[in-house]
Amino acid sequence: MTTPTETRRSLPPLDLHNVQGDILIGLPKKVETCLFFGITRVGDFRSQLIRLLPLLTTTAQVIEDQQKIARYKGGMPQKGHLLELSGVNLAFSQKGLEQMGIGKDANDRIGDAPFEAGMFNDTKLNDDKALWEPAFKEDIHGLIIITGDCQARVDAKLKEVEEILDRTIHRVKVINGKVRPGGQGGHEHFGYLDGVSQPAVLGVDQNLHRGQETVRQGIILLGREGDSVAEDNGVDRRPSWSHDGSFLCFRYLFQNVLEFDKFVKDNNPPEAADDLFGAQLVGRWKSGAPIDVTPLQDDKQLGNDPSRNDVFRYDPFSQNRCPYIAHTRKTNPRSDLSSTEKRRIIRRGIPFGPEVTEEEKKAKETIEERGLLFVAYQSNIANGFQFIQSSWANQPGFPFLFTPDKPKPGFTALTDPDFTPDKGPGFDAIIGQAGKEDRVIDIQGGSDNAGKFTLPQQWVVPKGGEYFFSPSISALKETF
Ligand code: HEM
C-alpha cells in the first residue's frame with residue numbers, strides 16, 4: 001500500500017510516457033467508443049491489466065501521432081493510403097477503486113469529494129435524475145475510451161481489449177461517438193464549431209499563442225504544481241499512486257436540435273445576421289469566431305485561427321457584444337473575474353447520434369437520440385467541472401449580483417426595473433440546469449433583441465454520467 005507523501009518533495013520532471021494520452025493532448029478521434037464496465041472477477045481483472053497496458057496510449061504517443069498527422073496533411077501520404085490511428089485509455093470510478101481495494105484506508109484516499117460520492121449523488125448539478133438512463137444508475141466500475149480514424153479500427157481494438165479482459169468484466173453500456181460528416185466536421189449538433197478554446201498546459205503545449213489562457217500542470221494532473229490538495233501546508237494529501245493521473249468527468253448530454261433551431265429562428269432580430277440570437281446564446285458564431293470579437297457571422301478565417309480566436313478578453317462592464325449568459329462567457333468568464341486558473345478544465349467531447357433526418361424535419365421535432373459525449377479533465381472536480389456547472393452555468397446571478405450602489409460587472413445597462421438582485425442575467429441557455437426555476441435569460445444592450453426571454457424548454461438534457469479517475473501508467477503497473 002502506498003501512503004500520501006508526508007512532505008512536498010521537489011517533483012521529477014513530467015514524464016509524458018507516464019500520462020494517459022487523452023488528458024493533456026487528446027487521443028486522435030474521428031470515432032470513439034466508450035465502454036462502461038463492471039468488474040466481475042477482481043483478482044483475474046487485476047492480473048489481466050498488465051496485458052492491457054501495452055494497448056494504452058500515452059501522451060508521448062499522441063504527440064508522435066500528431067506529427068504523423070501533420071506530415072500526412074503536408075502531402076507525404078501515398079495515393080490511396082489512409083493514416084491508421086487509434087487510441088485506448090482507461091479510467092476507474094470510486095466504486096471501481098473500492099472493488100479493487102485501492103484507496104480505501106483513510107491515509108490512502110484520493111481526496112476528492114464529488115469523485116468519492118459519484119455523479120449520480122451529485123445534487124449540485126441540478127440534474128433531473130428521473131431522466132437518467134438505467135445503465136448510469138447501475139454500478140459502473142470503469143470506462144475504456146477507444147478512438148480511431150474509422151469505426152472498423154475502433155471495433156477491432158474493442159474486440160482486442162475485451163478478449164484480454166475476457167470474463168473479468170461485463171459491459172454496463174457501450175456508446176459510440178463520431179465526428180459529424182463533411183463541412184460539419186468539428187461542429188457539435190447545434191452547428192457551432194467546438195474544441196476551439198482550451199487552456200495551454202505549461203511545459204506541455206508547444207503551440208502556445210500570445211494571450212492564450214494557461215494552466216499549471218497541477219490544475220489538470222494530481223500531485224503536480226498547482227494541485228491545491230497536493231500543496232496543503234507543505235503536506236501532500238494525495239496518495240502517491242494518484243500522482244500524474246486526472247479526474248475524468250463524463251456527461252451523456254442529449255441535444256434537442258430542431259427545437260433549439262426553431263427558438264433561435266423565431267427570436268432572431270429581423271434585420272440582423274440570421275444566427276445572431278444563436279451566437280448570443282453560445283458566445284461564438286457557428287464559424288467558431290467569438291461574437292465578442294466580430295459582428296461578422298461568416299468569418300471562418302478568424303474562427304479557425306487559434307492565434308486570434310482564443311486570446312480575447314471580455315469587457316467586464318458590458319455585455320454589448322457578448323451577453324453575460326452566453327455559454328462560453330458563463331463557463332469561462334475570462335476577464336470578468338480576476339483569476340480563473342483553478343476553474344479551467346481540458347475538454348474532450350465528441351458528438352453522438354445521426355444527423356437530423358427528413359422524418360424529423362417533417363415532424364419539426366427531435367425523434368432520434370443525438371448529443372455530446374462530454375469529457376472534461378482536471379485535478380479537482382469541485383474546483384473544475386462541478387463548479388462551472390453548479391456555480392456559474394446554473395446560477396442566474398452569475399456573473400455578480402445586481403448592486404445598484406456599487407456597480408459591478410453584470411450591472412451596466414441593466415435598465416429593466418424588474419431586474420432584482422437575486423435574478424442576475426440568467427442561467428447558461430445551453431447547459432444551465434434551471435430545475436424548477438423559470439428558464440429566464442436577460443440580454444441587455446448591443447442588439448435589437450435586447451430584453452428578457454423565457455426559454456420554453458431545456459435543449460441539452462443530461463441522461464447520465466459518472467466521475468472517473470484516469471491513473472498514470474506507472475500506477476496502473478504498480479498499484480492497480
Ligand atoms: C465552449 C458547446 C457542454 C464548458 C463551447 C463552445 C461550444 C460549446 C460550441 C465554443 C467552442 C469552444 O470554445 O470550444 C457545448 C454544447 C454542450 C456543451 C453543445 C452540451 C451539449 C458543456 C459543459 C461544460 C462546458 C457540460 C462544463 C460544465 C465549456 C467551456 C468552454 C466551452 C469551459 C470554453 C469557453 C471559453 O474558453 O471561451 N461549448 N458545450 N460545455 N464549453 Fe461547452
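Numbering of ligands and ligand atoms starts at 1, following listing order.
Ranked by closest heavy atom to atom 38 (O) of ligand 1, the top entry among His189, Arg329, Arg334, Gln386 is Arg334. Which of Arg344, Lys286, Arg370, Arg284 comes nearest to atom 10 (C) of ligand 1 through a heavy atom is settled by distance: it is Arg284.
In this structure, atom 37 (O) of ligand 1 lies nearest to the protein heavy atom Ser197 OG, 2.5 Å. The protein non-hydrogen atom at the shortest distance from atom 17 (C) of ligand 1 is Leu372 CD2, 3.7 Å.
For a threshold of 3.5 Å applied to N or O pairs, the pair formed by Asn332 and ligand 1 contains at least one separation below that value.
Annotation for ligand 1: atoms under 4.0 Å from non-hydrogen atoms of Ile388 are 28 (C). Remark: ligand 1 atoms within the under-4.0 Å shell around heavy atoms of Gln389 are 26 (C), 28 (C). Within ligand 1, counting atoms from 1 as listed, the ones closer than 4.0 Å to a heavy atom of Phe385 are 28 (C). Below 4.0 Å from some heavy atom of Val460 lie the following atoms of ligand 1, by number and element: 20 (C), 21 (C). Heavy-atom contacts of Leu253 reach the following atoms of ligand 1: 20 (C), 26 (C) (cutoff under 4.0 Å). Close approach of ligand 1 to Gln255 is summarised as follows: ligand atoms under 4.0 Å from at least one heavy atom of the residue are 19 (C), 21 (C). Atom numbering of ligand 1 starts at 1 in the shown order; those under 4.0 Å from a heavy atom of Tyr192 are 9 (C). For ligand 1 and Gly195, the ligand atoms under 4.0 Å from any heavy atom of the residue are 12 (C), 14 (O).
For the residue pair Gln458 / Gln433, a side-chain donor-acceptor distance below 3.5 Å is found, with atom types taken as modelled. The closest side-chain donor-acceptor pair between Gln61 and Thr58 falls under 3.5 angstrom. Between the side chains of Gln198 and Gln212, no donor-acceptor pair is found at a separation under 3.5 Å. Checked by atom type, the side-chain pair Asn332/Tyr314 shows no donor-acceptor distance below 3.5 Å. When only modelled atom types and interatomic distance are considered, Trp132 and Asp127 share a side-chain donor-acceptor pair under 3.5 Å. Between the side chains of Asn383 and Gln378, not a single donor N or O lies within less than 3.5 Å of an accepting N or O.
For atom 43 (Fe) of ligand 1, the neighbouring protein N/O/S atoms at less than 2.8 Å, given as residue and atom, are His327 NE2.
Evaluation of the ring pair (Phe, Tyr, Trp, His ring centres under 6.0 Å) rule for Phe36 yields Phe136, Phe250 as partners, not counting sequence neighbours.
Taking the ring centre of Phe374 as origin, the terminal cationic atom of Arg251 falls outside the region bounded by 6.0 Å and 45° from the ring axis. The cationic atom of Lys463 (NZ for Lys, CZ for Arg) lies less than 6.0 Å from the six-membered ring centre of Phe254 and within 45° of the ring axis.
In summary, Lys95 and Glu98 do not engage in a salt bridge, as defined by a charged side-chain N under 4.0 Å from a carboxylate O.
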Quiz: residues 118-125 side-chain donor-acceptor pairs under 3.5 angstrom, not counting sequence neighbours:
unit_1	atom_1	unit_2	atom_2	d
Asn121	ND2	Ala117	O	2.8
Asp122	OD1	Lys124	N	3.1
Asp122	OD1	Gln386	NE2	3.2
Asp122	OD2	Gln386	NE2	3.0
Asp122	OD2	Tyr467	OH	2.6

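Not close to ligand 1: Ala393, with no non-hydrogen atom less than 4.0 angstrom away. Within the structure, the closest approach of Leu193 to ligand 1 falls below 4.0 Å when heavy atoms are considered.
Of the candidates Arg344, Arg347, Arg334, Ser197 forms a side chain to side chain donor-acceptor pair (under 3.5 Å) with just one, namely Arg334.
Among pairs with a residue in residues 195-217, none fulfils ring pair (Phe, Tyr, Trp, His ring centres under 6.0 Å), at least two apart in sequence or across chains.
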